[in-house]
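Below: one structure, written as structure tokens.
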Amino acid sequence: MLWHVLALYLQILEQGQFKCIEKIKTIGYTYMAASGLTNDKESLKDTGHVIALTDFALAIQEQLKSVNQHSFNNFKMRIGMYILITVGH
């Protein structure tokens, strides 16, 4: 059932408004995604990717509610968001 839920999340991620979000990894019950991963310093001034990530979190939360209703499960979700500028080489 968990893999079905994760597959639904990937379907949501494929929607156009979420093109700036990257699925980083899935570890056990943890699903990690990031937005705004770019080398272009000018695009970092645009906060649209933060809004998209927030909308994605809300969309997967709604999807989980639907899964719970239709499968008579009681899956719960915690969403954490952290905003920072990263430097990588």
Side-chain angles (χ1 to χ4, degrees):
M1 186 65 173
L2 177 62
W3 293 113
H4 173 70
V5 172
L6 294 174
L8 293 171
Y9 292 174
L10 287 174
Q11 286 179 348
I12 294 170
L13 194 59
E14 291 174 358
Q15 296 175 11
Q17 71 265 34
F18 303 129
K19 66 182 178 194
C20 62
I21 299 172
E22 297 285 333
K23 175 188 171 276
I24 303 298
K25 63 176 122 180
T26 304
I27 302 173
Y29 299 107
T30 303
Y31 183 91
M32 187 182 300
S35 67
L37 301 176
T38 179
N39 291 328
D40 181 13
K41 291 181 182 178
E42 283 301 310
S43 67
L44 291 176
K45 294 177 183 176
D46 176 21
T47 58
H49 64 91
V50 177
I51 294 167
L53 189 60
T54 304
D55 289 344
F56 176 67
L58 294 172
I60 64 175
Q61 188 176 46
E62 285 300 314
Q63 183 65 57
L64 189 61
K65 286 179 187 177
S66 177
V67 167
N68 282 340
Q69 288 175 344
H70 292 94
S71 66
F72 306 104
N73 282 302
N74 191 26
F75 294 121
K76 296 183 189 233
M77 173 188 297
R78 290 186 310 173
I79 298 172
M81 295 181 71
Y82 191 70
I83 300 171
L84 71 142
I85 296 176
T86 59
V87 178
H89 297 280

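The shown structure was predicted, so the numbers you read here are calculated from the model rather than taken from an experiment. Sequential numbering from 1 along the given sequence is applied to the chain's residues.
Counting all heavy atoms, side chain and backbone alike, K76 lies closest to L64 at C-CD2, 4.0 Å. Considering all non-hydrogen atoms of both residues, A59 and F18 come closest at CB-CZ, 4.4 Å. Considering every non-hydrogen atom in both I21 and S35, the closest pair reads CG1-CB, 4.1 Å. Scanning all heavy atoms of the two residues, the minimum distance from Q63 to L8 falls at NE2-CD1, 3.5 Å. For I60 against M77, the heavy-atom pair with the smallest separation is O-CE, 3.6 Å.
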* Asked: Going through the distances and angles, do I27 and M32 end up as a side chain to side chain contact (heavy atoms under 4.5 Å, CB included)?
  -> CA-CA 8 Å; I27 302 173; M32 187 182 300; 5.7 Å; no
* Chi angles and distances behind the side chain to side chain contact (heavy atoms under 4.5 Å, CB included) call for I24, L37 -> CA-CA 11 Å; I24 303 298; L37 301 176; 4.2 Å; yes
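Note on I79: it clusters hydrophobically with L6, by side-chain heavy-atom contacts below 4.5 Å among ILVMFWY residues. Hydrophobic cluster membership differs between L58 and F75, with clusters built from Ile, Leu, Val, Met, Phe, Trp and Tyr side chains linked at under 4.5 angstrom.
When the shell of 6.0 Å around NZ of K23 is examined, it contains more than 12 heavy atoms from other residues, nucleotides or ligands.
Under the 30°/60° scheme for interplanar angles, the aromatic rings of Y31 and F56 are found to be tilted.
Separating the CD atom in Q69 from the CG atom in N74 is a distance of 11.5 Å, to the nearest 0.5 Å.
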